[in-house]
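Below, read A as the first sequence line, B as the second, and so on, with proteins coming before strands; counting in each chain starts at 1.
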Number of protein chains: 2
Amino acid sequence: MQLKELSGQSGVAAASIKYYLREGLLPAGETVHATRAQYSARHVERLELIQVLRRTVGLNIEQIRGLLKMADDGAPRLALLAAVQRVVLDLDTAASGDVRTPAADAVVRLRNWPDYPSDARSALNVHLELMESLHIRVSRELLDTYSKAMDDVAGLDIAATTAPESVDQLILTAAVGMHMHSQLLLKLLALAQASHAIRRYEHGA
Amino acid sequence: MQLKELSGQSGVAAASIKYYLREGLLPAGETVHATRAQYSARHVERLELIQVLRRTVGLNIEQIRGLLKMADDGAPRLALLAAVQRVVLDLDTAASGDVRTPAADAVVRLRNWPDYPSDARSALNVHLELMESLHIRVSRELLDTYSKAMDDVAGLDIAATTAPESVDQLILTAAVGMHMHSQLLLKLLALAQASHAIRRYEHGA
DNA sequence: CGCATTGGATAGTGGCTCTATCCTAAGCCT
DNA sequence: AGGCTTAGGATAGAGCCACTATCCAATGCG
């Protein structure tokens, strides 16, 4: 398959594919001659992964390049997962120190998670402090509920990524899964707010 | 207070304040003379609200303008809340039809929420379908757990917004609250994933 | 009395993701 | 064989967005 067909199958403009090639997101096709290259089904998949990470998850080119490079360099899954989390949690900038929030520690103990420093844990600490400073109350009970649910979801997610077919799958599952669950909660909260508001404002007043 | 001091107090560059004035995000100061204007503490608060909506929640200028205009026009709280939800849920584009997903209906019944069409509900429907199409399983139990938690949170949120001091407060609570809770879940999920992954990949292999 | 500041207008910046143009080399089709 | 199409390579431009900077005449304040 050559560039034009790759463009057709993936729905990405040919010029954009060239751009991705230039930026190193997409590996070069197999060069048959100086002016002819062959692309494979792998390229189509790669392109689809790129699209999801761009459009759905909202990563930028540099972040995607980093993740794909790690995947192609055969980085260990654990490191890859950590990298995915770093970009999805947007930790490029705030390279958070090792803040300790009692609430976050409590969560780890409660869930019987390994007591291990991680970017995710730092991020949780920072976030809980931010919410505190904005006067958004987060009760122990709520954290309990959330973390229990996340424990269940993560169990499934990680189990799904052990199937070793493709490392791309790990990126997809972790990044898209995180994003989708977070968005799901957003929508449920909106619906809950709307429901409470209707009760209060319409029936009450 | 004049422009320079307003800039100092709010930490926003004077040129940016002018930009916000031009864009209609910030009401003009009281014109004393043709070349002198007085700004008040209200302007400082407004500016802070704008900053939070921009930097933290990530709304764009047009979205913020819309919300502030509604607030200033004395729109009813219910309408304002709906507007906040529309922008935070990013529903400008996908003006979703009235899709019906059994799962979403089940949530509404389960929580005993009023059976009322709303943008939030449409968004939930669309999102559940999207997750389905991406093969991300969402069990009834998980939806139950999430929605119960959101019911509790929303109860507090909405109660907080009935204090009628300021409509700005409603915008802040609704928008920031939604965003912060969603991000909290993201971080918890990351931590949960990391914890499961450590168990599986380190101890297992 | 002159410096600083204002509103108003307009233009420029910088980051980002594309998208378009131009070029030569070379295979494919008839 | 000859022309159409496509490849790669390089470079430039577009379009969006949120600022940021510059210039201006008017004018109050110290």
Taking V57(A) as the fixed residue, which of V84(A), V88(A), I171(A) is the one that meets the side-chain contact (heavy atoms from CB on, under 4.5 Å) rule? V88(A)
Presence of salt bridge, D90(B) and K187(A), under 4.0 angstrom: no
Enumerate the residues from residues 12-32 of chain B whose closest heavy atom to DNA chain D is under 4.0 Å, giving them by residue number; use none for an empty result. A15(B), S16(B), Y19(B), Y20(B), R22(B)
Heavy-atom distance under 4.5 Å between the side chains of H127(B) and M180(A), does that happen here? yes
Whole-Å gap separating P (dC19(D)) and CG (L59(B)): 12 Å
Can you confirm whether the side chains of Q193(A) and D157(B) place a donor and an acceptor under 3.5 Å from each other? yes
How close or far is atom C1' of dC16(D) from atom CD of Q63(B), stated in whole angstroms? 14 Å
Return the value, rounded to whole Å, for the distance between atom CZ of R65(A) and atom P of dC18(C). 13 Å
Interatomic distance where CG belongs to L3(A) and P belongs to dG9(D) [whole Å]: 12 Å
Just how far, in rounded Å, is P of dT6(D) from CD of Q38(A)? 14 Å
To the nearest Å, how far apart are Q2(B) CD and dA4(C) C1'? 9 Å
Under 3.5 Å: donor-acceptor pair, side chain of R36(B), backbone of T31(B): no
When the distance from CG of N60(B) to C1' of dC17(D) is rounded to whole Å, what number comes out? 9 Å
Run the ring pair (Phe, Tyr, Trp, His ring centres under 6.0 Å) test against H43(B) and tell me which residues pass, sequence neighbours left out. Y39(B)
Within the pair R36(A) and dA25(C), is there a side-chain N or O less than 4.0 Å away from OP1 or OP2? no
Output the rounded distance in Å from NZ (K4(B)) to P (dA4(C)). 9 Å
